[in-house]
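One structure is given below, encoded as structure tokens.
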Amino acid sequence: MKILTIIGARPQFIKASVVSRAIQQAGGIEEIILHTGQHFDSNMSDIFFNQLGIPRPDLQLDIHGGGHGEMTGRMLTEIEKALLKHKPDRVMVYGDTNSTLAGALAATKLHIPVAHVEAGLRSFNMRMPEEINRILTDQISDLLFCPTSTAVRNLENEGFSSKPVKVMQVGDVMQDAALLFAEKAVAPAEGELPEAFVLATLHRAENTDNPERLANIVRALNQIHQNQVPVVLPLHPRTRKLVAEQGQALNVHIIEPVGYFEMVWLLEHCQLVLTDSGGVQKEAYFFGKACVTMRDQTEWVELVEIAANVLVGAVAHRIIQECTKNRGRQVKDLSELYGGGKASYRIVELLKKAHFLEG
Ligand code: UD1
Ligand code: UDP
């Protein structure tokens, strides 16, 4: 069986790394990796291939920037060419980025079946580019690998039970990565870090592209850093650009985006996680830390239900208040929420089974 994997953004490298590893261990599947180029700085891309042992991409498109339509359209054109050339039995896409949607759409138009890893997640906020990408990708996938029972329920509510596709709860590949690579944790090389700190990440378009929300978050982080505890912030290039453009000043401990092993170290050593990332919300939990999420909704509702995570939107006093309240609080990992580290193994088994049945 020949599978063509399409990835392009930081979280997809981390997710694909464990599935690629499981594919190699299982044998019997040839995997071709296509990197769209959506993320391209070495600390947003190469570092993950090096650290996590992801095979070098067989195909590198170098498509990034521009508006959503332009980026997705250019990817669609070039992915179609690659699919016509390599004729895979199946395409596999991850998550909810523009690379995900372009890959799924190019494949399905050529009648190549699509497997979607991280299917069924919903924020119910159609203003998020990710929500559009994931809804459309789910609609044109025939193997829907869901990370949680909530994701399965979301798809059932959208009528997937009566469609000729397979919806399967396999667990979360990010938990596989966290368990597999935890022992590789290493302190970031850049400068001396404060002894005690909270870890922040910030990049979501709904925050960075909205001057009012961004100003509130910047104000909250600055106040926490000045009055409470140092805030260590590996700064996403999108945020660096928009903070500068909007004339704001982030007075916290900023470092460049770090590799996964450094990120694991920061997660292990911080007192709390402040984030608007999807993946980092779960990683806080995997590493036993409380999480304060600077968004109005989350796709990972189970963490809010068990009070491991609290949603505070972009409201400065809420961010500060919940940081004070939750700092140093340990959360318990009830690993059955996310499958216990076996998601990639299950995905590969199911890929093989589907191929056998397709005959
Ligand atoms: C994308 C995904 C988002 C995901 C995030 C992970 C979409 C719509 N969004 O958002 O769901 O959470 O990746 O990090 O697909 N840039 C660089 N260097 C890089 C990468 C990006 O300078 O290596 C710059 C780009 O030129 C652009 C900005 O950062 O100006 C945003 O990049 P883009 O890939 O469009 O979206 P992200 O915000 O990274
Ligand atoms: N991450 C990383 N270095 C960083 C910031 C994040 O390795 O400087 C990892 C993080 O641990 C998680 C993934 O990148 O595994 C999350 O990606 P991101 O927050 O960019 O995207 P999202 O999950 O929100 O789509």
Side-chain angles (χ1 to χ4, degrees), residues 7-18 35-48 51-52 62-72 75 93-103 118 121 123 127-134 136-137 147 172-178 180-182 184-186 188 190 199-209 232-245 254-268 270 273 275-284 286-287 293-295 298-300:
I7 49 182
R10 173 167 71 187
Q12 293 166 334
F13 308 138
I14 295 160
K15 291 166 196 171
S17 74
V18 283
H35 186 331
T36 61
Q38 181 169 349
H39 286 177
F40 49 94
D41 291 340
S42 67
N43 60 6
M44 295 290 288
S45 176
D46 288 358
I47 193 166
F48 300 101
Q51 286 190 337
L52 310 182
D62 200 24
I63 297 171
H64 48 78
H68 286 281
E70 185 188 347
M71 189 200 293
T72 314
M75 287 176 184
V93 295
Y94 291 83
D96 52 23
T97 72
N98 291 343
S99 300
T100 314
L101 177 61
E118 231 182 48
L121 294 179
S123 64
R127 292 189 59 83
M128 287 177 69
E130 293 85 359
E131 184 76 352
I132 301 163
N133 290 340
R134 53 172 95 100
L136 297 177
T137 300
D172 181 18
V173 289
M174 293 197 85
Q175 183 168 40
D176 297 18
L180 183 66
F181 298 117
K184 305 273 191 185
V186 58
E190 190 186 329
L199 172 63
T201 81
L202 175 65
H203 76 280
R204 187 78 38 211
E206 74 212 60
N207 287 331
T208 56
D209 297 17
V232 173
L233 173 64
L235 193 58
H236 192 289
R238 171 187 211 100
T239 316
R240 187 179 285 280
K241 202 167 100 188
L242 285 157
V243 164
E245 272 176 26
I254 292 174
I255 56 176
E256 289 296 319
V258 293
Y260 189 68
F261 297 165
E262 290 80 4
M263 192 63 186
V264 168
W265 188 94
L266 291 167
L267 285 156
E268 282 176 349
C270 69
V273 174
T275 194
D276 62 2
S277 157
V280 177
Q281 288 175 56
K282 284 169 296 155
E283 287 168 343
F286 299 147
F287 292 97
T293 298
M294 301 178 287
R295 289 184 50 196
T298 179
E299 300 75 26
W300 307 101

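Ligands are counted one by one from 1 in listed order, and the atoms in each one are counted from 1 as well.
Among all protein heavy atoms, the one lying closest to atom 17 (C) of ligand 1 is F40 CZ, 3.3 Å. Atom 1 (C) of ligand 1 has its closest protein heavy atom at Q38 NE2, 3.7 Å. Among protein heavy atoms, the minimum distance from atom 8 (C) of ligand 1 is reached at N98 OD1, 3.4 Å. Counting protein heavy atoms only, atom 24 (C) of ligand 1 is closest to P237 CB, 4.1 Å.
Summarising the geometry of S99 relative to G8, their closest heavy-atom pair is OG-CA, 3.8 Å, with the distance given to 0.1 Å. Closest of all the heavy-atom pairs between E131 and S123 is OE1-N, 2.8 Å. Contact detail for K15 and G95: the closest heavy-atom pair is NZ-CA, 4.3 Å. Here the closest non-hydrogen pair linking M44 and F13 is O-CE1, 3.2 Å. In terms of heavy-atom proximity, F48 sits nearest to V258 at CZ-O, 3.8 Å. Closest approach of P234 to L199, counting heavy atoms only: CD-CD1, 3.9 Å.
Interface atoms of ligand 1 facing H68, defined by a heavy-atom separation under 4.0 Å, are 8 (C). For ligand 1, the atoms closer than 4.0 angstrom to any heavy atom of M44 are 19 (C), 23 (O). Interface of H236 with ligand 1, defined as ligand atoms under 4.0 Å from a residue heavy atom, comprises 14 (O), 37 (P), 38 (O), 39 (O). Set against the non-hydrogen atoms of D41, the atoms of ligand 1 under 4.0 Å away are 17 (C), 18 (N), 19 (C), 22 (O), 23 (O). Counting atoms of ligand 1 from 1 in the listed order, those under 4.0 Å from a heavy atom of E130 are 3 (C), 9 (N), 11 (O).
Residue contacts with ligand 1 leave out H64, since none of its heavy atoms falls under 4.0 Å from the ligand.
E299 and K282 are not joined by a salt bridge, as no carboxylate oxygen comes within less than 4.0 angstrom of a charged side-chain nitrogen.
In this model, a donor atom of one side chain and an acceptor atom of the other lie less than 3.5 Å apart for T275 and T201. In summary, the side chains of T100 and E130 do not present any donor paired with an acceptor at a separation below 3.5 Å, with no hydrogens or angles considered.
Proximity of P11 to ligand 1, defined as any heavy-atom pair under 4.0 Å, is confined to the side chain (atoms from C-beta onward).
With hydrogens and angles disregarded, no donor-acceptor distance shorter than 3.5 Å links the side chain of T97 to the backbone of A9.
Residues lining ligand 2 at a heavy-atom distance below 4.0 Å are given as R10, P11, I14, F48, M174, H203, R204, P234, P257, V258, G259, Y260, M263, S277, G278, G279, V280, E283, ordered by chain and residue number.
Taking all heavy atoms of R238, M71, R134 into account, the minimum distance to atom 28 (C) of ligand 1 is reached by R238. Of all the listed residues (R204, H39, H203), H39 holds the heavy atom that lies closest to atom 39 (O) of ligand 1.
In terms of polar-atom proximity, defined here as any N/O pair under 3.5 Å, T97 makes no such contact with ligand 1. At under 3.5 Å, a nitrogen or oxygen of K241, whether backbone or side chain, sits near a nitrogen or oxygen of ligand 1. In terms of N/O distances under 3.5 Å, ligand 1 is not approached by G65.
Counting heavy atoms from C-beta on, the side chains of P147 and W300 come closer than 4.5 Å.
Ring geometry, H203 versus H236: the interplanar angle falls under 30°, so the pair is classed parallel (tilted spans 30 to 60°).
Partners of A177 according to the side-chain contact (heavy atoms from CB on, under 4.5 Å) rule, which considers only residues two or more places apart in sequence or in another chain, are I14, V18, F181, Y260.
Here the options are R204, R238, R127, K241, the test is salt bridge (Lys or Arg N to Asp or Glu O under 4.0 Å), and the partner is D209; only R238 passes.
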